[in-house]
Amino acid sequence: MKIYNTLTGKKEEFIPEEAGRVGMYACGVTVYDHCHIGHARSAVVFDVMRRYMISRGYQFKYIRNFTDIDDKIINKAKQEGIAWDAVARKYTEEYYRDMDRLGVGRADVEPKATDHIEEIVEIVKGLVEKGFAYERDGSVYFEVEKFHGYGKLSKRDLEDMMAGARVEVDERKRNPMDFALWKASKEGEPSWESPWGQGRPGWHIECSAMSLKHLGETFDIHGGGADLIFPHHENEIAQSESYTGRPFVRYWVHNGFITVDKEKMSKSLGNFFTIQEILNKFDAEAVRFFLLSTHYRSPIEFSDEQLREAEASIDRYYTTVLRIRDFLSQESTKEKPGPDEKALSEMLGKFLDKFREAMDDDFNTALAIGTIFELVRMLNKYMDSRPSGSQAVELIKKADEMLRETGNVLNLFHRTPEEWYRALMAVKGIGLTEDDILARITERQAARERKDWADADFIRKELDEKGILLEDRKDGTGWKVRV
RNA sequence: GGCGGCGUACCCAAGUGGCUAAGGGAGAGGUCUGCAAAACCUUUAUGCAGCGGUUCAAAUCCGCUCGCCGCCUCCA
């Protein structure tokens with residue numbers, strides 16, 4: 001299994017520190033506002049990494065934090081006139097609602113910065129004692145020049161950074177690149193007791209403290225959005241390695257951005273879409289599919305058109321699931337092999353390996369999805385030839401199981417076709433109930449039986465205008481939502 | 001300015017040295033159908049931004065040019 005490591009800039013064979021066990025820490029969110037689709041991407045990508053590694057038999061421990069104390073939270077609290085911790089609570093709950101809908105599982109530990117003040121203070125104290133940090137006016141700063149590896153993750157050297165530093169000059173810092181480990185708090189701000197007076201943790205230190213506590217000094221995978229490489233992750237390395245004297249993380253993994261008109265989606269540009277906005281227009285599974293249909297490190301251009309294509313793909317999948325189910329529910333006794341039996345059988349023999357190969361190659365979900373659709377086509381082709389008998393049933397059953405297995409890894413395609421159509425009906429705002437549709441189908445069936453094609457076509461057209469497509473099959477008429 | 005990435009068909013998107021350049025969407029033609037839809041088949045890149053080079057062999061490696069983007073400040 002290969003993973004691209006930001007630290008080395010190369011795809012590397014993945015070897016966990018301890019055979020069979022993997023520890024992963026992913027930076028979560030600062031809970032001060034609604035999450036946008038970029039947050040969703042990061043969450044979904046790491047969720048799939050976890051699901052895949054578990055499916056490969058690893059014992060997996062996943063930590064994802066919440067930053068629940070920070071300037072932005074304090075500002076938001078002032079704006080809204082509520083307590084800072086109420087802000088954090090509110091957006092934490094919202095985060096869970098969004099992630100649940102996107103099929104993102106809970107991490108094994110979901111630590112909050114404010115629950116780790118003791119550990120944070122301990123580390124800051126240690127860093128001061130070891131001479132990596134200094135105190136000024138109740139704040140403590142990390143002295144970047146004391147850490148020789150500074151810049152190794154983001155591939156820049158200290159002198160270049162200082163030359164082009166756009167950071168505000170802060171007289172208290174020895175070097176403009178020094179960063180706060182502990183911030184003295186102003187009157188009325190949330191604060192905790194510390195050897196340097198009342199204060200609160202800096203942004204980067206919480207991740208060092210929480211990963212150390214829950215995963216140990218050195219762990220396997222640390223991830224987050226590519227915008228965290230500098231300064232956040234660079235600073236984490238500096239703190240953690242200075243404190244423990246040991247390597248911090250073996251594989252650094254970063255996901256690419258979502259773009260709008262080719263530009264990074266971000267709060268400051270105002271070109272972002274919240275997860276809630278998107279889920280009002282598109283089904284959550286389509287959103288998840290969209291996020292996984294491009295390799296995690298590449299940028300993804302966000303657009304309604306892309307989401308619609310994702311829906312179309314999922315619809316194709318469920319249409320095949322429906323056919324599989326119908327096929328298996330038929331009594332078929334006569335052994336009648338299809339002409340593609342051998343080809344299908346061969347494809348099934350290789351399918352899981354191909355899927356695994358794709359995922360083993362730095363979690364290439366786009367390629368993995370491609371292999372799923374190759375099988376979908378083959379299955380349709382095979383069923384088109386109307387095979388029957390135990391041999392055919394066995395093949396289709398086997399294919400069905402394999403599709404379930406790969407779907408589980410991606411956490412896609414786990415609904416019934418009916419659930420999918422109902423969800424589409426809701427999200428597309430179809431002004432009909434399932435009963436309405438079935439009633440019309442019955443009426444149309446009567447018209448068809450008396451060969452009243454005009455009447456039958458009228459009903460088809462009427463439903464079509466409302467976004468419902470009818471499909472006449474041997475054993476009755478089915479319906480689906482037009483994507 | 002420093003560092004990094006990207007440019008594959010009408011659109012999206014895999015592919016990082018060697019078999020027919022995945023897959024999805026859209027278009028055209030066909031099979032099937034009372035008509036449709038779905039599905040399947042055929043078709044749409046002798047071609048991978050451009051130009052040179054290395055190699056028996058390049059979308060894939062190297063160089064240059066053009067275009068786009070990201071990080072260097074909070075950011076998934």
Side-chain angles (χ1 to χ4, degrees), chain A residues 6 9 11 26-30 32 35-46 70-72 151 154-157 159-161 163-168 177 203 223-232 234 254-259 262-269 272 289-290 293-295 297-301 303 305-306 308-317 319-320 322-323 340 354 358 361 364-385 448 451-454 456-457 460-461 464 469-473 477-480 482-483:
Chain A
T6 308
K11 251 188 232 177
C27 287
V29 291
T30 300
Y32 77 104
C35 287
H36 62 63
I37 183 76
H39 298 107
R41 182 180 196 185
S42 195
V44 165
V45 158
F46 290 104
D70 150 286
D71 288 347
K72 287 188 293 260
S154 54
K155 313 275 186 283
R156 50 194 102 209
D157 69 57
E159 288 193 20
D160 287 351
M161 280 190 278
R166 287 193 273 161
V167 288
E168 284 172 52
M177 299 311 295
W203 174 35
D227 43 7
L228 296 181
I229 295 170
F230 190 88
H232 185 52
E234 195 70 73
H254 294 95
N255 64 275
F257 303 124
I258 300 212
T259 59
K262 301 271 181 189
E263 279 188 317
K264 180 187 169 187
M265 183 182 286
S266 74
K267 279 276 167 69
S268 47
L269 284 167
F272 62 91
F289 183 96
F290 160 73
S293 60
T294 300
H295 184 89
R297 282 189 283 116
S298 304
I300 306 184
E301 173 72 12
S303 71
E305 177 60 23
Q306 299 284 333
R308 231 174 286 120
E309 286 184 11
E311 276 183 344
S313 295
I314 294 175
D315 198 65
R316 175 168 165 76
Y317 185 94
T319 301
T320 305
L322 199 58
R323 279 191 80 176
D340 299 303
K354 279 189 81 174
D361 187 9
N364 194 337
T365 53
L367 184 58
I369 288 171
T371 65
I372 289 175
F373 280 95
E374 274 176 36
L375 179 56
V376 163
R377 168 182 280 146
M378 179 54 86
L379 282 169
N380 279 315
K381 188 176 174 177
Y382 179 67
M383 288 187 284
D384 272 356
S385 68
R448 291 181 75 212
K451 296 211 187 318
D452 184 347
W453 306 127
D457 288 349
R460 177 196 289 292
K461 193 160 171 259
D464 182 72
L469 300 177
L470 298 185
E471 294 184 1
D472 292 329
R473 289 190 283 262
T477 299
W479 63 273
K480 61 192 285 185
R482 189 176 50 218
V483 175

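In what follows, chains carry the letters A, B, and so on, assigned in the order in which the sequence lines appear, proteins first and then strands, with residues in each chain numbered from 1.
Closest to the side chain of A:N255, from the set B:rA76, B:rG25, B:rA38, is B:rA76. Distance from the side chain of A:N380 is smallest to B:rC40 among B:rC68, B:rA76, B:rC40. Comparing B:rC12, B:rC71, B:rG34 by their closest approach to the side chain of A:D472 singles out B:rG34. For A:E263, whose side chain is taken as the heavy atoms from C-beta onward, the closest listed nucleotide among B:rA39, B:rA13, B:rG70 is B:rG70. If you check B:rC71, B:rC69, B:rC40 against the side chain of A:K381, the one that comes closest is B:rC40. When distances are taken from the side chain of A:A366 to each of B:rA13, B:rA37, B:rC72, the shortest belongs to B:rA13.
Regarding contacts with the backbone of B:rG7, every side-chain N or O of A:K262 stays at 4.0 angstrom or more from both OP1 and OP2. A:R377 has no side-chain polar atom (N or O) that falls below the 4.0 Å cut-off from OP1 or OP2 of B:rA22.
Within 4.0 Å (heavy atoms only), A:M383 reaches no atom of the nucleic acid at all. Within 4.0 Å (heavy atoms only), A:K267 reaches no atom of the nucleic acid at all. Residue A:R297 is classed as having no contact, given no heavy-atom separation below 4.0 Å to the nucleic acid.
Inspection of the A:T30 and A:K72 side chains reveals no N or O donor paired with an N or O acceptor under 3.5 Å.
Atom pair A:R460:CZ and B:rA36:P shows a separation of 9 Å (rounding to whole Å applied). The nearest whole Å value for the distance from the CG atom in A:D227 to the P atom in B:rG70 is 12 Å. If you measure from atom NZ of A:K354 to atom C1' of B:rA14, you get 11 Å, rounded to the nearest angstrom.
Nucleotides B:rG70 and B:rA38 are separated by 39 Å at their P atoms, to the nearest Å.
In this structure, A:F373 does not count as stacked on the base of B:rG24 under the 5.5 Å centre distance and 30° plane angle limits.
Judged by atom type and distance alone, A:E309 reaches the base of B:rG24 through a side-chain donor-acceptor pair under 3.5 Å. For a distance-only test at 3.5 Å, the side chain of A:N364 fails to qualify as a donor-acceptor partner of the base of B:rG15.
Across all strands shown, B:rG25 is found opposite B:rC10 as a Watson-Crick or G-U wobble partner, with both distances under 3.5 Å.
We find that A:D315 and A:R308 are not joined by a salt bridge, their nearest charged nitrogen and carboxylate oxygen being 4.0 Å or further apart.
Both A:F230 and A:K155 lie near RNA chain B, and the one whose nearest nucleotide falls closer to the 5' end is A:K155.
Looking at heavy atoms from C-beta onward, A:L322 lies in side-chain contact with A:R473 at the 4.5 angstrom threshold.
With A:K155 contributing its side chain and A:T6 its backbone, the two residues share a donor-acceptor pair below 3.5 Å.
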